[in-house]
Structure formats: C-alpha cells, structure tokens
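Down below is the structure, laid out as structure tokens.
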Amino acid sequence: MTDLYMAVRKMRQISTAGGTFRLKFRKWNRATQRGGDMVYIEHARLRQKAGDEKIDHADDKLFLTDTDTGRALNCWLCLVMEVDGERVVLH
C-alpha cells in the first residue's frame, strides 16, 4: 500500500524521466455523486496541471496523458486506486 501523495511523487519522477506508469482510477459519476467505472491505463505520463481559472478544483485532480492513444485525461486524486500495480490509499 502506498500513500496517495507518495504515489503522486513517484508518478512525477517517472514522468520527468520520460517514463510511463500503469494507472487504475475510478471515473466520477455526476449522477450518483460517487466513483463510477474503473479506468485502466497501461502507459500513462503526467502532464502540466491546469489552473483553477481554467478547470474547477484543478488542485484536486491529476492531469495525465495515455501515451498509447495520445489522449489527455484528468481524474480526481481521491479516486486513484493503483499505480504500477500498487494499491493507493488516502490518509
């Protein structure tokens, strides 16, 4: 088990070095106001964070790219489940 903020630090280090990591997170379901479907990304890399003036609650989100598809994504930090197969917890 890894603390969420340690996992973010690890993802930053990997991304800065030009590498990728596996990520598993839940989508946010606006209808139920809960975590929804699980998303698996085999090769992810962090990208620059957007500012709060562009995206609401940007400080609470993870901004990444699926390097297999080139698709830019973001997810709520609290909905990150695993990084490189290691379970992530929020303390």
Side-chain angles (χ1 to χ4, degrees):
M1 248 186 285
T2 299
D3 176 73
L4 173 63
Y5 297 102
M6 293 298 289
V8 170
R9 188 175 300 138
K10 176 183 174 181
M11 290 184 277
R12 280 191 187 126
Q13 290 172 340
I14 292 168
S15 297
T16 299
T20 61
F21 52 88
R22 285 176 298 159
L23 184 67
K24 181 176 162 182
F25 66 92
R26 289 196 174 278
K27 291 182 183 179
W28 179 250
N29 185 327
R30 289 184 181 116
T32 63
Q33 297 292 300
R34 302 181 106 174
D37 295 339
M38 194 72 74
V39 177
Y40 301 90
I41 300 175
E42 192 63 32
H43 301 104
R45 183 176 292 136
L46 294 183
R47 59 187 172 89
Q48 187 171 0
K49 178 178 91 73
D52 277 332
E53 63 280 349
K54 291 184 179 183
I55 295 182
D56 289 338
H57 308 288
D59 286 341
D60 299 323
K61 294 180 180 177
L62 192 64
F63 294 84
L64 56 122
T65 300
D66 179 336
T67 62
D68 291 331
T69 64
R71 188 171 149 208
L73 305 162
N74 66 62
C75 71
W76 289 96
L77 283 169
C78 62
L79 295 179
V80 172
M81 301 282 106
E82 288 182 4
V83 175
D84 280 340
E86 196 167 348
R87 186 171 172 227
V88 175
V89 294
L90 180 60
H91 291 285

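In this text, all values refer to a predicted model and were calculated from it rather than measured experimentally.
- Two residues are said to be in side-chain contact when any heavy atoms from C-beta on lie closer than 4.5 Å; Ile14 and Arg45 fail this criterion.
- Here the straight-line distance linking atom CZ of Arg12 with atom CZ of Phe21 works out to 10.5 Å at 0.5 Å rounding.
- A single hydrophobic cluster is not seen to contain both Leu23 and Val89; linkage of ILVMFWY side chains at heavy-atom distances under 4.5 Å, directly or through other members, places them apart.
- Legend: side-chain hydrogen bond (donor to acceptor under 3.5 Å, both in side chains) pairs involving residues 62-73, not counting sequence neighbours, sorted by first then second residue: His43-Asp68.
- Of all heavy-atom pairs spanning Thr2 and Met6, the tightest one is CG2-CB, 3.9 Å.
- Follow the hydrophobic side-chain contacts under 4.5 Å out from Ile41 and you never reach Phe63; the two are in separate clusters.
- By the 6.0 Å contact criterion, CE on Met38 is enclosed, its count of non-hydrogen atoms from other residues, nucleotides or ligands being greater than 12.
- Atoms OH and NZ, from Tyr40 and Lys24 in turn, are 4.0 Å apart once rounded to the nearest 0.5 Å.
- Looking at Leu62 and Leu46, their side chains come closer than 4.5 Å, going by heavy atoms from C-beta outward.
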Please list, one pair per line, the donor and acceptor atoms closer than 3.5 Å that link side chains of residues 72-85 to other protein atoms, with sequence neighbours excluded.
unit_1	atom_1	unit_2	atom_2	d
Asp84	OD1	Arg22	N	2.8

